[in-house]
Number of protein chains: 2
Amino acid sequence: MTEASQIDRRSGVPLYLQIKQILATEIEAEGAGAGAMTEQTLTERFHVSRATVRQALHELVQDGLVYRERSKGTFPVQRMDFERPATLQVGGLVGYLADLGMNPSSEVSDVHRAVPPREVADGLGLEAEETVLIFTRRIFANGQPLSLARVYLRSPSDFLPTPTELESAGSAIELLERAHGVRVARSEHRVWASAASAQEASALAIAEGDPVLVLETVMRTREGRPVIWRRLADHADTIKHTFISDI
Amino acid sequence: MTEASQIDRRSGVPLYLQIKQILATEIEAEGAGAGAMTEQTLTERFHVSRATVRQALHELVQDGLVYRERSKGTFPVQRMDFERPATLQVGGLVGYLADLGMNPSSEVSDVHRAVPPREVADGLGLEAEETVLIFTRRIFANGQPLSLARVYLRSPSDFLPTPTELESAGSAIELLERAHGVRVARSEHRVWASAASAQEASALAIAEGDPVLVLETVMRTREGRPVIWRRLADHADTIKHTFISDI
DNA sequence: CAGTGGTCTAGACCACGTA
DNA sequence: ACGTGGTCTAGACCACTGT
């Protein structure tokens with residue numbers, strides 16, 4: 001199997017992507033057993049230029065699969081069981097819970113357009129009087145409410161989907177992309193603990209003052225234009241957000 | 001000032017880094033006013049090859065300062081006030097609070113070496129009976145305890161610094177790097193809300209059952225070797241962690 | 001059609017670590 | 001001395017977008 005993996009120059013798939021994929025698969029299979037890969041051995045193996053190999057290796061570094069050491073070589077990063085990024089896959093919570101067999105469901109309510117609170121308008125950089133799509137979403141697992149989201153979505157003033165459309169879309173982002181071709185490229189998150197307000201407690205079936213996790217997120221297009229402001233209140237001890245940072 | 005910025009081929013600083021720095025400064029200064037930068041205009045301006053310009057632009061994309069669109073050009077990302085990454089700059093909380101004029105202080109206690117709990121040993125991938133450095137740190141602002149950290153640090157069995165050394169180091173990572181040349185390259189975080197245990201409540205001067213933010217972190221070297229396991233319990237509504245994610 | 005970024009080649013010199 | 005990754009050059013062809 002090791003020598004079967006070669007690139008196909010007629011496939012139209014960029015060579016560096018094919019090489020990256022092959023190496024990623026080998027690292028996955030052989031674990032840290034896969035020895036050092038040098039640029040020279042790879043250029044010979046795949047019959048490509050050094051720059052092409054370097055582009056593949058550079059992306060593997062970005063993805064955290066290998067690390068490179070000057071005058072030593074390129075080595076696989078020690079195996080770390082690939083967890084699902086859980087809830088940070090924005091809007092992916094339902095699918096994540098489904099994978100866990102938690103029988104998730106989603107309930108969207110209070111869909112309307114209005115001028116948002118000051119804090120949200122600032123975060124989205126709105127013009128005065130500019131309206132946004134506003135809705136509330138609760139996510140349940142096995143019948144228990146786990147997460148309460150309030151979403152403010154910058155969109156054309158005639159954009160007013162039904163609750164059913166929002167529920168079936170899985171996430172507001174997907175709907176926004178399908179409806180207007182707007183792609184979210186970057187998100188900023190702030191997270192802290194708080195005591196549940198009366199409203200939050202009611203929505204999450206807990207007592208007022210019980211702990212909740214608050215997660216505020218601003219999502220932006222690649223142009224840097226903020227398009228979604230979202231505030232989550234999550235059930236304590238149950239919803240755990242995971243993320244990775246360099247350094 | 002715009003035309004004064006040129007590269008210095010004798011400085012020893014890589015050309016692409018000089019170009020990146022110049023462009024980043026210009027974007028910072030001119031905001032989105034800085035028009036499109038094309039690869040061709042930049043190669044002519046700096047008298048370097050296209051590959052060098054591309055490396056600079058690619059890093060600016062990674063840093064979120066520009067975005068590129070095929071057959072259109074390279075454009076600055078719309079200004080987003082560069083906040084301090086706050087507490088995700090692992091160990092940087094004290095410095096962050098200092099910047100806010102919060103008069104922070106740090107108190108380290110219970111420094112010893114021992115075999116950690118099962119959960120930690122698993123997270124660090126320890127051998128049986130392998131001991132780690134264990135300590136507790138509290139961070140105060142204006143005399144109020146805000147954050148309680150329990151830290152497990154994989155290190156040679158003769159590594160046993162004093163509480164004073166740990167306090168002055170600012171963070172365990174800095175000490176680890178200075179003492180053993182170990183560099184942390186990647187961290188995995190899990191965060192959720194919880195009710196304060198009796199111990200946590202006492203340490204944070206709150207009531208048992210009050211909300212706290214729990215943040216568990218595993219830090220790894222670039223080889224993927226886990227070296228630090230840390231669990232924070234943070235004061236509700238006060239400590240807010242911020243982070244950024246792509247997608 | 002001209003201009004853009006995406007991909008690819010075939011070279012070159014260098015700093016650095018290991019043997 | 002040798003091999004490594006880091007940097008740099010000067011070309012080439014392509015797909016795509018806007019005119």
Side-chain angles (χ1 to χ4, degrees), chain A residues 6-23 27 34-77 181-183 185 221-223, chain B residues 6-23 27 34-77 181-183 185 221-223:
Chain A
Q6 287 300 326
I7 58 181
D8 176 6
R9 295 188 103 97
R10 294 167 308 171
S11 68
V13 178
L15 305 185
Y16 77 91
L17 282 182
Q18 297 185 49
I19 294 171
K20 176 188 173 186
Q21 180 57 49
I22 290 171
L23 295 178
I27 290 169
M37 303 166 283
T38 71
E39 294 180 356
Q40 187 174 354
T41 59
L42 293 174
T43 58
E44 289 164 1
R45 170 178 169 190
F46 293 112
H47 307 291
V48 296
S49 73
R50 190 183 164 208
T52 303
V53 164
R54 280 180 63 80
Q55 185 163 3
L57 291 178
H58 190 257
E59 294 216 356
L60 289 173
V61 170
Q62 298 292 115
D63 294 353
L65 290 178
V66 305
Y67 67 98
R68 317 193 67 187
E69 242 174 316
R70 200 191 187 98
S71 52
K72 291 187 180 174
T74 300
F75 309 90
V77 166
V182 174
R183 292 252 306 175
T221 64
R222 62 180 170 178
E223 295 90 353
Chain B
Q6 287 300 327
I7 59 181
D8 178 4
R9 295 187 103 95
R10 295 167 307 172
S11 68
V13 179
L15 304 184
Y16 76 91
L17 282 182
Q18 297 185 49
I19 295 171
K20 176 188 173 187
Q21 178 59 48
I22 291 170
L23 295 179
I27 291 169
M37 303 166 282
T38 71
E39 294 180 355
Q40 187 174 353
T41 59
L42 293 174
T43 58
E44 289 163 1
R45 170 177 171 192
F46 293 114
H47 306 292
V48 296
S49 72
R50 188 180 166 211
T52 303
V53 164
R54 281 180 62 79
Q55 184 163 3
L57 290 178
H58 189 258
E59 295 217 355
L60 289 173
V61 170
Q62 297 292 113
D63 294 354
L65 291 178
V66 304
Y67 68 98
R68 317 193 67 189
E69 240 174 317
R70 202 191 187 101
S71 53
K72 292 190 178 171
T74 300
F75 309 91
V77 166
V182 174
R183 292 254 304 176
T221 64
R222 62 180 171 179
E223 294 89 353

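Naming: A, B, ... by sequence-line order, numbering from 1 per chain.
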Would you indicate which nucleotide in [options] comes nearest to any side-chain atom of [X]?
{"X": "B/E39", "options": "C/dT7, C/dA15, C/dG5", "value": "C/dG5"}
{"X": "B/T52", "options": "D/dT9, C/dC16, C/dG6", "value": "D/dT9"}
{"X": "B/Y16", "options": "C/dG17, C/dT9, D/dT7", "value": "D/dT7"}
{"X": "B/K72", "options": "C/dG6, D/dG18, D/dG6", "value": "D/dG18"}
{"X": "A/S49", "options": "C/dA15, C/dA10, D/dC8", "value": "C/dA10"}
{"X": "A/L15", "options": "C/dG5, D/dC8, C/dT9", "value": "C/dT9"}
{"X": "A/S71", "options": "C/dG5, C/dG17, D/dC8", "value": "C/dG17"}
{"X": "A/Q40", "options": "C/dG3, C/dG5, D/dT4", "value": "D/dT4"}
{"X": "B/R9", "options": "D/dC8, C/dC8, C/dG5", "value": "D/dC8"}
{"X": "B/T38", "options": "D/dC16, D/dG3, C/dG5", "value": "C/dG5"}

In whole Å, what is the span from the [atom1] atom of [X] to the [atom2] atom of [N]?
{"X": "A/L42", "N": "D/dT4", "atom1": "CG", "atom2": "P", "result": "11 Å"}
{"X": "A/D8", "N": "C/dC8", "atom1": "CG", "atom2": "P", "result": "12 Å"}
{"X": "B/E69", "N": "C/dG3", "atom1": "CD", "atom2": "P", "result": "19 Å"}
{"X": "B/F75", "N": "C/dG5", "atom1": "CZ", "atom2": "C1'", "result": "11 Å"}

Got a second to check how far [X]'s [atom1] is from [Y]'s [atom2], nearest 0.5 Å?
{"X": "A/M37", "Y": "A/I19", "atom1": "CE", "atom2": "CD1", "answer": "12.0 Å"}
{"X": "B/Y67", "Y": "B/L60", "atom1": "OH", "atom2": "CG", "answer": "14.0 Å"}
{"X": "B/D63", "Y": "B/K20", "atom1": "CG", "atom2": "NZ", "answer": "4.0 Å"}

- Message: I need the single residue from A/V48, A/T52, A/V53 that forms a side chain to side chain contact (heavy atoms under 4.5 Å, CB included) with A/Y16. Which is it?
- Response: A/T52
- May I ask you to say what A/R70 touches in the nucleic acid, namely base, sugar-phosphate or nothing, with a heavy-atom cut-off under 4.0 Å? base
- Query: Does any N or O donor sit under 3.5 Å from an N or O acceptor when you compare the side chain of B/R50 with the base of C/dT7?
  - Reply: yes
- Message: Looking only at side-chain N and O atoms, does B/Q40 offer a donor or acceptor that is under 3.5 Å from a partner on B/T38?
- Response: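 Judged by distance alone, the side chains do not pair up.
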